[in-house]
Amino acid sequence: MIIYQVLPRLFGNKNHTKKPGGTIEENGCGKFNNFTPSVLKGLRETGYSHVWYTGVIRHATMTDYSAYGIPRQHPAVVKGQAGSPYAIADYYDVDPDLAVSVEKRMEEFEKLVGRTHRAGLKMIIDFVPNHVARQYKSICKPEGLRDLGEDDDTTKGFEPEKNNFYYCPGQAFTPYFDLYHGESEPYTEFPAKATGNDHFDNAPGRNDWYETVKLNYGVDYYAGGKGHFSPIPSTWQKMLDILLFWAGKGIDGFRCDMAEMVPAEFWTWATARVREKFPHIIFIGEVYNPGLYRRYLQSGFDYLYDKVGMYDAMRDVICHRRTTEAITWAWQQTDDIRQHMLYFLENHDEQRIASDFFAASAEKAVPALVVNVLMQQNPFMVYCGQEWGERGMDQEGFSGHDGRTTIFDYWALIPGVGELRSWGGNAGVTLADLYSRVLNIARTEKAVSNGQMFDVMYVNRQYERQYAFLRKAGKEMLLVVANFDDQPVSMKLTLPDHAFSFLEIREKVYKAEELLSGTTAKLVLMRDHQVDVNLPERGAVVYKIK
């Protein structure tokens, strides 16, 4: 399972004006229709199995669509001209920015679902369960459903069964910023609602998620987080209705934003009910606390972000802040749930590898790519632009000079050619070519999709910037060795006796194919014998042995 995360807003935008803080008219915007059959076929051929379309559901924006009956959002509570995809303004609508015809925006989305599936890909969209935009109001909800907050008793800070929001009774919303934001009338909210990042007073700060309000799942944060889950809170049923609505559109999974900020009891209840009608749906949870991983998997999630473990470890190894022993440590922390951990090197929250804040070069992460993709059977995710070395060093508007690609502004991602160089002895290969080769190894090799892994670094600890492991399924085996150093290295890699017993390897001289370069080599595999492996700087080899 290899996921391609992409913001349709940025993808396919042919307008390269790139004016900081520019409007949609000035900077343009990508559309659902930019994902043509040929584009989607290309993604499949690159090695992807799933596309996560980020920012599909309609969110708060400064662009005025009131002529189409869409409520205008006050700019004081919108981040950036385009707005955050995680400040949902209507759970039952799609972003009009992404449609060629605003009136037919849902139809255009539904056609994208069909095109994605015909290309042999599966579709993931965001589900944002913890918070909504401050001016949330659904104009597209199915007939007979009550809107969020429609039945709230705003005189109570917390009401377990009926209220969908938390309130500050008798207090107006008075944040740090100017409530006019260039408008003739200020933004008003009375009583103030609690802010999405668990800020339970009426004055969120600049670094808070001030453009959002927290949803009430029956947890009394005013009383230390006590849960009230019987009878079922109103919010539970409303959010289940939303999940079922989108599952009914034919999507294949939800990436659940800040899942750990919503009680596990809700997920247990909701995921079971979704799967009763749509058993194929997968749930990917954004959970950062490793102490909660197993609890949220038990509550119905298929996969969880491995951010605090593997991502943080790999970033430190790439930047030479930790030795490769950190990789072994990271996978061992989640070994019992390894099939459920989603690995990644970039996403919309993290800094770009090629940014000056990370490695300043996308090529420096090549060994990390090879290791993360081929080490286990769990999913891997690539963020659009990562494969051509997008730097994220623009100052786009609300999103400052921070090494990230903006999610708040109208902007364009301009694909780079990628540096032509020699990868594994094969000259003239771009970074994008290499990504495709690695991803397709994972897609086609049984030793990756079905095989066992054996980490050999415990007998090779003298190598602090190299990493090696074996993968084996049946009679096919891969020897993967990666070099995180900025210099070429000639390794004498020991293969321990235990690896031969555990993987049932026969001792002999093998003819091996190096899958990244297409070259061949003879490898002498003997118990506790050293194998000579030559590695380029920031490179890797993947030997296939039958």
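The chain is numbered in sequence order, starting from 1. Just so you know, these numbers use all the heavy atoms, side chains as well, and skip hydrogens, waters and symmetry mates.
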| query | For Y210, does its backbone N or O pair with a side-chain atom of D208 as donor and acceptor, under 3.5 Å? | reply | no
| field | For F11 against C384, the heavy-atom pair lying closest together | value | CD1-SG, 3.9 Å
| remark: Here the pair of heavy atoms bringing A270 nearest to L243 is CB-CD1, 4.3 Å
| said: Check D220 with K226, please: is the shortest side-chain N to carboxylate O separation under 4.0 Å? | reply: no
| field | Shortest non-hydrogen contact between T271 and G300, atoms and distance | value | OG1-CA, 3.5 Å
| said: Using a 3.5 Å distance criterion without hydrogens, assess whether the side chain of E159 forms a donor-acceptor pair with backbone atoms of E161. | reply: yes
| said: Tell me whether K111 is salt-bridged to E107, with the criterion being a basic N under 4.0 Å from an acidic carboxylate O. | reply: yes
| said: Taking D349 first and then K307, would you say they form a salt bridge - that is, a charged N and a carboxylate O separated by under 4.0 Å? | reply: no
| query | Is it true that R134 and E211 make a salt bridge, defined as a side-chain N closer than 4.0 Å to a carboxylate O? | reply | no
| field | Whether over 12 other heavy atoms sit under 6.0 Å from K277 NZ | value | no
| task | For residues R471 and Q377, determine if any side-chain heavy atom of one lies less than 4.5 Å from a side-chain heavy atom of the other. | result | yes
| Between D90 and R58, is there a salt bridge with N-O shorter than 4.0 Å? | yes
| query | For the residue pair V100 and E108, what are the closest heavy atoms and their distance? | reply | N-OE1, 2.8 Å
| request: Check step by step if salt bridge (charged side-chain N to carboxylate O under 4.0 Å, His left out) holds for D335 and R338. | output: CA-CA 5 Å; D335 192 36; R338 61 184 179 276; 3.2 Å; yes
| Which is it for H117 and D252 under the side chain to side chain donor-acceptor pair (under 3.5 Å) test, yes or no, and what are the steps along the way? | CA-CA 10 Å; H117 288 158; D252 302 285; 2.6 Å; yes
| task | Using the six-membered ring wherever Trp is involved, compare the ring planes of W236 and W269 and label them parallel, tilted or perpendicular (cut-offs 30° and 60°). | result | tilted
| request: Indicate yes or no: does E110 engage R115 in a salt bridge with an N to O separation below 4.0 Å. | output: no
| Has E504 got more than 12 heavy atoms of other residues, nucleotides or ligands less than 6.0 Å from its CD? | no
| field | Flag side-chain contact, heavy atom, 4.5 Å: V213 against V132 | value | yes
| query | Between Y166 and K214, is there a cation-pi geometry (under 6.0 Å to ring centre, at most 45° from the normal)? | reply | no
| query | Between CG of L215 and CZ of F266, what distance do you get to the nearest 0.5 Å? | reply | 9.5 Å
| request: Compare all side-chain heavy atoms of E513 with those of Y543 and state whether any distance is below 4.5 angstrom. | output: no
| query | Y4 pairs by side chain to side chain donor-acceptor pair (under 3.5 Å) with which of Q386, H50, E387? | reply | E387
| query | Around atom NZ of K122, are there more than 12 heavy atoms of other residues, nucleotides or ligands at under 6.0 Å? | reply | no
| note | Per ring-ring contact (aromatic ring centres under 6.0 Å, His included), Y53 is matched among F35, F109, W246 by F35
| query | Can you check whether L503 reaches L470 side chain to side chain, under 4.5 Å on heavy atoms? | reply | yes
| query | How many angstroms lie between atom CE of M106 and atom CG of D93, to the nearest 0.5 angstrom? | reply | 5.5 Å
| request: Would you give the length of the straight line joining atom OH of Y288 to atom OH of Y311, rounded to the nearest 0.5 angstrom? | output: 10.0 Å
| task | Flag the pair R315 and D312 as a salt bridge only when some basic side-chain nitrogen lies within less than 4.0 angstrom of an acidic carboxylate oxygen. | result | no
| remark: Taken to the nearest 0.5 Å, the spacing of K156 NZ from Y222 OH works out to 13.5 Å
| request: Ignoring hydrogens and angles, tell me if any N or O in the side chain of T212 forms a donor-acceptor pair with the backbone of W209 under 3.5 Å. | output: yes
| field | Aromatic ring proximity F408/H59, centre distance under 6.0 Å | value | no
| said: Ignoring hydrogens, what is the shortest heavy-atom contact between A368 and M314? Give both atom names and the distance. | reply: CB-CG, 3.4 Å
| If only atom types and distance count, is the side chain of T268 paired as donor or acceptor with the main-chain N or O of A264 below 3.5 Å? | yes
| message | Main chain of T430, side chain of D433: is a donor-acceptor contact present, judged purely on distance under 3.5 Å? | response | yes
| query | Just how far is it from atom CZ of R146 to atom OG of S138, taken to the nearest 0.5 Å? | reply | 12.5 Å
| request: Spell out, as yes or no, whether a donor-acceptor pair under 3.5 Å connects the side chain of D126 to the backbone of G55. | output: yes
Validation: residues 42-49 side-chain donor-acceptor distances under 3.5 Å, sequence neighbours left out:
residue: R44; atom: NH1; partner: Y48; partner atom: O; Å: 2.9
residue: T46; atom: OG1; partner: G42; partner atom: O; Å: 2.8
residue: S49; atom: OG; partner: I2; partner atom: N; Å: 2.8
residue: S49; atom: OG; partner: I2; partner atom: O; Å: 3.2

| field | Residues that Q73 engages under side-chain hydrogen bond (donor to acceptor under 3.5 Å, both in side chains), provided they are two or more places apart | value | none
| query | Between Y343 and F380, does the ring centre distance come in under 6.0 Å? | reply | no
| What's the spacing between I545 CD1 and K475 NZ if we round to 0.5 Å? | 15.5 Å
| field | D95 side chain vs D97 backbone, donor-acceptor pair below 3.5 Å | value | yes
| task | Take T328 and D455, measure what side chain to side chain donor-acceptor pair (under 3.5 Å) needs, and give me the verdict at the end. | result | CA-CA 8 Å; T328 300; D455 185 335; 2.7 Å; yes
| Which atom names give the shortest non-hydrogen contact between H340 and L297, and what distance separates them? | CB-CD2, 3.6 Å
| query | Can D336 and R294 be counted as an ion pair, charged N to O under 4.0 angstrom? | reply | yes
| field | Check: W267 ring centre within less than 6.0 Å of Y217 ring centre | value | no
| field | R352 (side chain) donor-acceptor with E346 (main chain) under 3.5 angstrom | value | no
| task | Classify the ring geometry between Y65 and Y68 as parallel (under 30°), tilted (30 to 60°) or perpendicular (over 60°). | result | tilted
| task | Answer yes or no: is there a side-chain heavy-atom contact under 4.5 Å between F127 and R255? | result | no
| request: For the pair S234 and N164, evaluate side chain to side chain donor-acceptor pair (under 3.5 Å) and give the outcome as yes or no after the intermediate values. | output: CA-CA 7 Å; S234 164; N164 301 133; 3.2 Å; yes
| task | Please confirm whether the backbone N or O of V102 pairs with a side-chain atom of R105, one donor and one acceptor, at under 3.5 Å? | result | yes
| query | Is the H498-F454 ring centre distance short of 6.0 angstrom? | reply | yes
| said: Would you call the rings of F283 and F301 parallel, tilted or perpendicular, taking 30° and 60° as the class edges? | reply: perpendicular
| task | Please check if the side chain of N450 supplies one atom and the backbone of A473 the other of a donor-acceptor pair under 3.5 Å. | result | no
| Between K544 and E445, is the closest basic N to carboxylate O distance under 4.0 Å? | yes
